[in-house]
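Notes for the one structure printed next.
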Amino acid sequence: MLSKLNPPQREAAMYLDGPCLVLAGAGSGKTRVITSKIAYMVRECGMEARNIAAITFTNKAAREMEERVGKLLEGGQAKGLTVCTFHALGVRIVRQEAKLAGLKPQFSILDSSDVMQIVADVAGNKDKGVVKAVQWAISSWKNALITPDEAVKLVTDESTALAAKLYPAYEKTLRAYQAVDFDDLIALPVRLFDEHPEALERWQNRLRYLLIDEYQDTNGAQYKLLKQLAGVRGAFTAVGDDDQAIYAWRGADVKNLYALQTDYPKLKLIKLEQNYRSSNRILNAANTLIANNDKLFEKKLWSEHGMGEAIHIVAARDAEQEAEMVAMKISSHRFEHRANFADYAILYRGNHQARLFEQQLRNHKIPYVISGGQSFFDRAEIKDITSYLRLMLNADDDLAFIRSITTPRRGIGAATLEALGSYAGQRHIGLFTAAFEEGAGEHVASRQLESVREFCNFINKLEYRALREPAAQVLEDLLRAIGYEAHLFESCELREAESKWSNVRDFVEWLGKKGEADGKNLLELAQTVALISMLNKGDEATDAVQLATLHASKGLEFPHVFLVGVEEGMLPHQSSIDTDTIEEERRLMYVGVTRAQRSLTISYCERRKSGKEIRTVEPSRFIAELGDGLKHSGGKKAEPVSQEDALAKLAKLQAMFSTPPKT
DNA sequence: GCGTGACAGGATTCC
DNA sequence: CCTGTCACGC
């Protein structure tokens with residue numbers, strides 16, 4: 001179990017005498033260390049799996065880790081092991097301790113669009129810029145565990161002043177809805193543990209050893225939660241890489257990495273610098289690039305692999321040509337090297353960049369999948385369905401009420417809801433409750449009120465059945481009753497509707513199976529749905545080029561990587577240039593570069609559309625920072641990349657390989 | 001007055 | 001892809 005580890009990895013896996021920080025460079029086998037350590041604790045040290053928790057930042061990472069631990073442990077050994085995201089752990093704590101947190105156990109979890117809506121409501125202002133600024137300020141305060149009272153003292157400018165003024169009203173609204181936002185999932189447990197030591201003790205007893213992945217991405221609240229749970233013994237291992245800290249914008253603070261040393265003077269520091277992923281050419285470029293950042297921990301990646309291929313830098317005329325070129329390069333490279341489509345990844349800064357590449361890949365008949373991006377549960381069609389579940393579970397959830405009563409349309413619109421809302425507001429009750437009160441008739445026209453009540457009765461009946469009948473059956477009936485399939489096909493293009501409907505089918509099937517497996521009814525399932533991942537039914541089974549944002553690519557690796565749109569203004573992003581946060585952008589570039597195993601192609605456009613005008617853009621400063629060992633091509637002078645030439649070359653190659661490449 | 005669908009234009013990054 | 005605006009029908 002430990003024999004496959006190198007000396008520092010083994011040391012990290014076996015060290016249990018106190019708090020431990022593993023500085024794990026990209027591709028240095030950190031997941032292997034965490035999973036081996038869990039196996040070591042269970043198999044060699046007699047610890048019970050149920051007393052160990054491994055915390056990750058993404059569901060994907062949690063799933064992967066669970067899978068890999070499963071392989072190292074036998075039969076029932078892994079039973080009760082906690083492998084989840086910080087937020088999922090938070091949900092568990094708040095749900096179990098709901099009473100202490102002043103919530104009912106069926107509280108709703110709001111996503112960012114719900115939150116924006118509430119902020120807009122309490123602000124009485126729909127201006128997106130204002131709403132975003134307020135939401136951001138409140139979120140940062142929550143991430144730093146700052147209460148509304150304290151926030152007032154921290155006002156720095158107009159926008160934070162407004163945020164501080166609205167913060168109490170925002171919190172009040174959440175409580176009225178019996179709802180929490182994402183930040184609450186961390187902040188509430190922390191406050192709860194502060195105020196109720198006996199609850200903290202319960203959880204310390206349950207989770208006696210913690211392993212934290214991607215520690216550089218923790219925010220203040222998460223770090224505090226870790227400190228609380230780990231207690232004075234400091235029973236934890238944190239694994240992280242300060243060079244891959246790319247989430248400062250959502251409250252993460254690399255300083256938490258350094259703070260460990262002062263907060264735990266006995267902290268054991270272990271560095272993993274041997275890379276098992278990339279060629280030395282790629283590692284050298286990555287090292288050279290990241291040396292431009294100020295750092296506290298020095299780290300230099302090396303590997304036993306050879307130098308490998310040169311890194312290609314390619315200039316494209318514009319974004320269309322860039323996408324076309326990448327598609328062609330993948331096509332021909334795949335023939336030449338008899339590789340799989342899945343060996344290629346296209347990485348970019350922003351989601352919207354994917355579109356052109358999708359188009360071109362389709363043109364070239366290259367299969368692709370977009371990983372990351374929106375989570376399954378953020379998709380409109382899934383949110384439509386879950387809003388019904390949320391409402392059944394929690395009649396105070398006005399946002400779920402509004403979404404479900406208006407999707408599909410049933411003749412109730414903004415005006416009716418506003419009228420009902422103003423009455424509910426006066427009475428300090430939820431919309432659902434308000435609809436059944438006599439007084440509502442004074443605000444809402446009787447015809448509209450009738451349809452609102454009809455809707456509420458429908459929900460009540462459904463809830464009654466949801467408690468008694470199998471989940472899948474109730475869901476099927478719900479979909480039929482609201483005519484959701486027809487709604488999709490009426491409101492979307494055929495292809496889009498088909499894909500959405502198939503997502504809904506997947507969702508129903510998954511929930512039904514889960515209900516049977518866990519013996520839970522629909523409402524019990526709905527409670528956990530918001531944070532569970534059901535992705536990856538078979539994405540590894542299909543051979544397809546991977547498209548991902550740089551953020552979503554963290555933790556992944558690919559034989560051949562195309563890093564696209566590497567221009568000033570894109571990477572580094574313009575807003576980061578404006579706010580002087582270039583270092584994080586450089587780390588983003590670093591993450592991209594270190595995803596590559598064998599070949600790396602970096603491309604940029606010479607011109608890019610922005611609005612109506614076409615502007616000339618500069619290649620990113622980061623390209624120059626990669627050092628030498630780069631091979632420039634493309635552009636006007638070097639190597640013509642006309643479509644005809646490339647297609648001719650491709651045709652020739654295809655003729656040479658009369659047999660299709662192995663898959 | 002209210003509810004709905006069509007269309008264009010602008011887009012950081014995500015639990 | 002999501003939002004804001006506009007025109008249309010009840």
Side-chain angles (χ1 to χ4, degrees), chain A residues 55-62 84-91 109-113 115-116 120 126-128 131-132 136 139 142-143 180-186 214 217-219 221-222 245-252 347-356 358 370-380 383 405-419 444-445 447-448 451 487 490-493 496 500 530-533 548-554 565 569-579 581 584-585 587-589 591-592 608-612:
Chain A
I55 311 297
T56 63
F57 272 84
T58 63
N59 285 311
K60 205 171 175 183
C84 65
T85 63
F86 254 113
H87 291 87
L89 177 65
V91 174
I109 299 164
L110 307 183
D111 65 22
S112 59
S113 62
V115 164
M116 297 272 258
K126 280 190 217 136
D127 184 275
K128 252 179 75 186
V131 171
K132 240 181 153 175
W136 185 81
S139 171
K142 286 195 178 187
N143 286 333
V180 302
D181 60 25
F182 274 120
D183 305 318
D184 282 333
L185 293 177
I186 314 296
E214 308 280 8
D217 291 333
T218 52
N219 62 38
Q222 287 162 334
I246 53 175
Y247 286 102
W249 54 272
R250 65 171 202 214
L347 307 180
Y348 38 79
R349 177 69 231 261
N351 278 310
H352 62 279
Q353 289 172 266
R355 234 180 110 185
L356 283 173
E358 286 187 74
I370 301 182
S371 79
Q374 266 195 325
S375 110
F376 187 80
F377 290 96
D378 287 338
R379 302 181 116 114
K383 284 180 71 171
I405 204 171
T406 54
T407 334
R409 296 272 161 206
R410 41 170 70 79
I412 295 158
T416 305
L417 288 172
E418 221 159 275
V444 186
R447 247 224 342 252
Q448 326 276 26
S451 24
H487 161 73
E490 276 160 27
S491 57
C492 312
E493 297 279 336
E496 207 189 343
K500 287 185 170 189
L531 289 174
I532 295 178
S533 86
T549 63
L550 287 164
H551 284 90
S553 77
K554 192 161 71 157
M570 295 287 272
L571 180 66
H573 192 270
Q574 188 56 46
S575 51
S576 300
I577 298 174
D578 296 341
T579 55
T581 47
E584 176 143 316
E585 297 286 306
R587 290 191 289 267
L588 209 42
M589 175 86 178
V591 166
R608 196 174 273 280
K609 255 194 278 202
S610 93
K612 272 172 203 148

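In what follows, every chain begins at residue 1, and chains take the letters A, B, ... in the order their sequences are listed.
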What nucleotide, of [options], holds the atom closest to the side chain of [X]?
X      : options               : result
A:F182 : B:dC15, B:dC2, B:dC14 : B:dC15
A:T549 : C:dC1, B:dT13, B:dC15 : B:dT13
A:Q448 : B:dC2, B:dC15, B:dC14 : B:dC2
A:H352 : B:dC2, B:dA11, B:dC15 : B:dA11
A:A552 : B:dC15, B:dC14, B:dG3 : B:dC14
A:H551 : B:dT13, B:dC2, B:dC15 : B:dT13

Specify the separation, in whole Å, of atom [atom1] of [X] and atom [atom2] of [N].
X      : N      : atom1 : atom2 : answer
A:H573 : B:dA11 : NE2   : C1'   : 8 Å
A:K383 : C:dC1  : NZ    : P     : 15 Å
A:L110 : B:dC15 : CG    : P     : 17 Å
A:N351 : B:dC14 : CG    : C1'   : 9 Å
A:I405 : B:dG3  : CD1   : P     : 11 Å
A:R447 : C:dC10 : CZ    : P     : 13 Å
A:F86  : B:dC14 : CZ    : C1'   : 16 Å
A:L89  : B:dC15 : CG    : C1'   : 13 Å

* To do: Report yes or no: is the ring centroid of A:W249 under 5.5 Å from the six-membered base ring centroid of B:dT13, with the two planes under 30 degrees?
  => yes
Give me the atom names and distance for the closest heavy-atom approach of A:V591 to A:S553.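 Heavy-atom minimum between the residues: CG1-OG, 4.0 Å.
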Specify the closest pair of heavy atoms between A:Y348 and A:A354, including all atoms of both residues, with the distance to one decimal.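 Distance-wise, the nearest heavy atoms are OH-CB, 3.4 Å.
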Phosphate OP1/OP2 of B:dC2 contacted by A:T416 side-chain N/O (<4.0 Å) =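 For B:dC2, OP1/OP2 do not have a side-chain N/O of A:T416 under 4.0 Å.
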Can you tell me how far apart CD1 (A:I186) and CG (A:L89) are? Round to the nearest 0.5 Å.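 These two atoms lie 7.5 Å from each other.
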